[in-house]
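Everything on this sheet refers to the single structure shown next.
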Amino acid sequence: MKRVRLKPAESSDSVNTSSDAAVRSLLAGLNSEQRKAVEHQNGPLLILAGAGSGKTRALTFRIAHLITRGVKPWNILALTFTNKAAAEMRERIARLVGDDAAFKIWAGTFHSIFARILRREADKLGYTSSFSIHDSEDSLNLIKLIMTNLGISQQEHTPQAVRSAISSAKNSMTPWEEYSRNADSIFEKQTGLVYKEYEQNLKRSNAMDFDDLLINIIRLFEAFPAVLDNYRERFQHVLVDEYQDTNKPQYRAVQLLAWKHRNLCVVGDDAQSIYRWRGADIENILTFEADFKDATVVRLERNYRSTKRILAAANDVIVNNRRQLKKELWTENDDGDPIYQRRCRDEREEASSVVDVIRENKREHGLKYSDCAVLYRINAQSQVLEDALRSAGVPYRIVGGISFYRRKEVKDVLAYLKLLVNPSDSESLLRVINEPARGIGKTTLGRLTRFAQEQNLSVFEACNNVEHVPHLQKRARTAIQEFARFVRTYIDQLNNLPAHELARAYIDESKLLSYYAEAGGEENLDRWNNVQRVISHIAEFTEARPDAGLAEYLQEVALVDDTEQMVDADDVVTLMTMHGAKGLEFPVVCVVGMEKGLFPLSRAEQQPDELEEERRLFYVAITRAEQRVYLSHCERRYRFGELSYPMPSGFLDEIRPELVEKLGIGRQRDLGALSGNFRAARPGDGVRRKPKEETLFNDIPANEDESYSQLPPEESGGRAKIRPGMRVGHSSFGEGQVLRVAGSGDGQRAIVRFKSVGEKTLLLKYAKLQVLG
DNA sequence: CTCAAGTCTCCGAAC
DNA sequence: GAGACTTGAG
C-alpha cells in the first residue's frame, strides 16, 4: 500500500524521451514471439504463455509499448488476480515509462477495479457509495444467523456447504429466484431459502460480498448502457492476466468492456488453471479463438526459467491430463540437478530436512534465503515448518494463512469503522455491539434483530428506536441506548475530523483498547498492539492519500490479501501454499507433504476433474523452480491431531525415474517391506464418521425448541413469586417442582427437582422460571 | 448476562 | 492440536 506513493513526486521527469529509447532497447531483448505479442496493434490477442516463458514481460512491455505509441495510460485497463501481480506489473511498467504514467493505468485485481467502479455508480444499483464489503467470514456469520432464524439445522447442512452452494450459484449468475425454482433436493430447497434471505440481508445492509463485486458490475453494465458506454470509451485497451482462471462473471464483464474497441489481450496457460473451485472456467481460454474469430494467437513456448530436468519433470506430470491446448515448452538452459526426492519419518523430520536443504544451498551454491521457497498444499502445514525454521534461526516469512486482517481483534476494529461509514451494516454492528462486553447479550440481540426485521429497519436504526423494541430488560435497553449514542457521536464527526484522529478517539471510547490492556496476558498484549497497528495504519494511509477517508481505507483493506504486507522483507525464506506461488519464481523450491490424501487431497482422488486440477497445481509448483526442486513426503503425519500413515503421492511416480535422485532415510534401509507392514497395520486411517446420534433422534420433529417457544420467557418478566411445591418450567431443564426457596433479594435461590436432570439450585435473579398450571 | 471449562469441529486453495 | 461453539455456575 505504501510502496506506490513516495516515488511519483520526484520522478515525473522524463516520461517520454527516455522511455522511447528504453522500449526500443527492450524490444531488442525480446524473442520473436514475445515481440509479436508486444507489437500487435489492434484487435483481440491471445497469448498462450507456458510457465517461465516471459509472460509478465510480454504483458508489461506491451503496455509500455502502447503508451509510447500514444495511448493514454488512463485508457488502459489491466486486470489481474492478485494484488501482488498488479503491483508487480505496475512496478515493471514504471521502470519502462516512468512512475507517473504507470500510476495512471487502471491496473488491479478484478475485485478492486470493479469495486472502484461500483463505488462511483453505487446509487444506480440502490447502494450508497460507502457500501461495505463482506469477506467470506462475514458471509458465513450471516448465513449462520439466517439458518438459525429459519430453523434450519446446521448439523445436517453445514453453513459452509450452504455458503459455497450460494457462492457457486452466484458465480454461475443464478439469482435466488431461479435457484429456488430449480431446487430438487432438500438441501437445495433450504439453500434457496437461505440464499433469498442472504441477498436481501446484504442489500439491506448496503453491503456486497466478493461475488457481488463481479456480478453487480454486469448488472450495472447491462441495465445502464450509457454507463457501459462510458467505460468502454475509457478502456480502449483491456488486458487480462491469468485468463485461464477467469470465472463466468469475470469473463462476461471482460467481454462487455472490450466489445467496442475489441482491443482485448488475454494471457494465460491452461496448464496452470488451479482455481476451478472458485468458479474458474477453463473453457474461457480454450474457446477464446472461437469467441473472437479474428483473434491473433501467440505462443510463448521458450522457457527462460528452469533447467532442462525441471522442465522435463513438469512435462512428465502434465501429460497425464487429457485436455490441453497444444504447447511445447523448451529451454536452452542447462540440464541441471536431478529432482531430489526425500522420504521422511514424520513432518518434524521433514521440516528439519527443509532447513538442511536451505542451508546447503546457501553454503554450497552461494544462494540467499530469499532464493528459497517452501510450498505446501494447505496452510495448516506451515506451522511445523515455522517452528523448525525459527529454532534453526533461519529467517522466513509466511505468505497467506491467518492474515493480519483476519485476526479477531483487527476484524473487530474494522467492523467498528465499517459501522461508522455504513450504519446500515448490521453484520458489523452485531459483531461489535457487545465487544467488549456491554451487557447486551444473546437474548437481547435476538429481540433487537427480530424487531429490526419486522420493521424492516437496519439494526442500527432499531438501536436508535430502542424504546419501541418489546420485551427488553431495562438494563439492556440503557446499554443499547448508550451504544447508539456513542456511535452517533462519531458519525456526526465523520466529515469534521481527519480519519485517523476520528478512528483513534472512536476506538478509544469503544473501550476495546482498555479492555485488552486490563485483561493482561501475552495474548491480550498482542491484541492491544494489533489494534494500535490498525490505527497507525490508517494514519499512514491518509497521509499518503489526503483525499481519502475511512471509506476508502476500508475499501482498500477489504481487498488486500496478506501477500502484500511484507513486500520489502529482506533476505528471508518464503513459505506459502502452491496456490500462492503462482506467478513467482525461485532458484530453489521445496514441496513438502507429497502424500496421498494430502496432495492430491483425498476428495480429489476419486474425481478425475479434481485430480487433474491437483496435477496442474503440482505442475505450477515444479515450474516455479529455476535450479533445484526438492520433493518430500512423510511416513506418518498428524492430521486433526491424529496420527496417519499416508502413502507417497501418486504424482511422484509420474516423473520418470531417470530424472530423480532419492535422498534421506529411504537410503539406509530396505523400506519397501518395512513401511509396507507399518501401513498394513493401520487400515482405514483418515476416515471420519459423523457422530452417532443422528439415527437416534430421527423421529423427533426438526424444531426441538417447541416447548421453549410455547413458554416465551418474556412473559414472566422473571418477577413471579416462586414458592415451594410449585410446578415450574425452565428453558433448558424443562419441567420440575420447587422444593425449597432460600435467601432474599438478588441472592434468592430455589432448589428445584427437574424430571430430566434431578435437583438443581437456581438463582432466581438469573433463572427465568415459568410457573406452570 | 458473563466467564470459564468442556466439547466439537476442523484442515481446500483466496478476492 | 487450536479455535469455535456449547454448557453450566455465579
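To find a chain, count down the sequence lines: A is the first, B the second, and so on, and within it residues start at 1.
Side-chain atoms of Ser167(A) and Asp211(A) include a donor-acceptor pair closer than 3.5 Å.
Side-chain atoms of Lys144(A) lie closest to dC5(C) of the nucleotides dC15(B), dC11(B), dC5(C). Here dC10(B) is the nucleotide among dC10(B), dA13(B), dC15(B) with the atom lying nearest to any side-chain atom of Thr158(A). With dC10(B), dA13(B), dC15(B) as the candidates, the nucleotide lying closest to the side chain of Gln160(A) is dC10(B). Picking from dG1(C), dC1(B), dA13(B) the nucleotide with the shortest atom distance to the side chain of Phe640(A) gives dG1(C). Here the nucleotide nearest the side chain of Arg377(A), chosen from dT2(B), dA14(B), dG12(B), is dG12(B). Across dA13(B), dC15(B), dC3(B), the shortest atom-to-atom separation from the side chain of Ser136(A) is found for dC15(B). Side-chain atoms of Asn379(A) lie closest to dA14(B) of the nucleotides dC15(B), dG1(C), dA14(B).
Taking atom CG of Asn247(A) as the reference point, atom C1' of dC15(B) lies 10 Å away to the nearest angstrom. Counting to the nearest Å, the P atom of dA14(B) and the CG atom of Asp138(A) are 18 Å from each other. In this entry the distance linking CD of Gln381(A) with P of dA13(B) reads 10 Å, nearest Å. Computed from coordinates, the Glu613(A) CD to dA14(B) P distance equals 13 Å when rounded to whole Å. Counting to the nearest Å, the P atom of dG12(B) and the CZ atom of Phe599(A) are 14 Å from each other.
Checking the phosphate oxygens (OP1, OP2) of dA14(B), no side-chain nitrogen or oxygen of Thr82(A) falls inside 4.0 Å. At least one side-chain nitrogen or oxygen of Asn434(A) sits closer than 4.0 Å to the OP1 or OP2 atom of dT2(B). Neither OP1 nor OP2 of dG12(B) sits under 4.0 Å from any side-chain N or O of Thr577(A).
Between Arg637(A) and Glu350(A), at least one side-chain nitrogen of the basic residue sits less than 4.0 Å from a carboxylate oxygen of the acidic one, meeting the salt-bridge criterion. The pair Arg390(A)-Glu386(A) meets the salt-bridge criterion, since a charged nitrogen lies less than 4.0 angstrom from a carboxylate oxygen. Comment: Glu427(A) does not engage Lys418(A) in a salt bridge, judged by the lack of any side-chain N to carboxylate O separation of less than 4.0 angstrom.
Screening Leu145(A), Val162(A), Asp209(A) for a side-chain contact (heavy atoms from CB on, under 4.5 Å) involving Tyr198(A) leaves a single residue, Asp209(A).
The side-chain tip of Arg615(A) does not point at the ring of Phe651(A) from less than 6.0 angstrom away and within 45° of straight on.
In this structure, the aromatic ring of Trp277(A) is not positioned over the six-membered ring of the base of dG12(B) within 5.5 Å between centres and 30° between planes.
Spacing between dG12(B) and dC5(C) at atom C1', rounded to whole Å, works out to 22 Å.
Nearest-nucleotide positions on DNA chain B for His111(A) and Leu601(A) put Leu601(A) closer to the 5' end. Closest-nucleotide positions on DNA chain C for Gln383(A) and Lys442(A) were compared, and the one nearer the 5' end corresponds to Gln383(A). Closest-nucleotide positions on DNA chain B for Arg438(A) and Glu614(A) were compared, and the one nearer the 5' end corresponds to Arg438(A).
Residues from residues 602-610 of chain A with heavy atoms under 4.0 angstrom of DNA chain B, sorted by number: Arg603(A), Glu610(A).
Within the 4.0 angstrom heavy-atom criterion, only backbone atoms of the sugar-phosphate kind lie near Phe81(A); the bases stay farther away.
For the pair Arg639(A) and Ile378(A), the minimum side-chain heavy-atom distance is below 4.5 Å.
Ring orientation note: the planes of Tyr275(A) and Trp277(A) are tilted relative to one another, at an angle of 30° to 60°.
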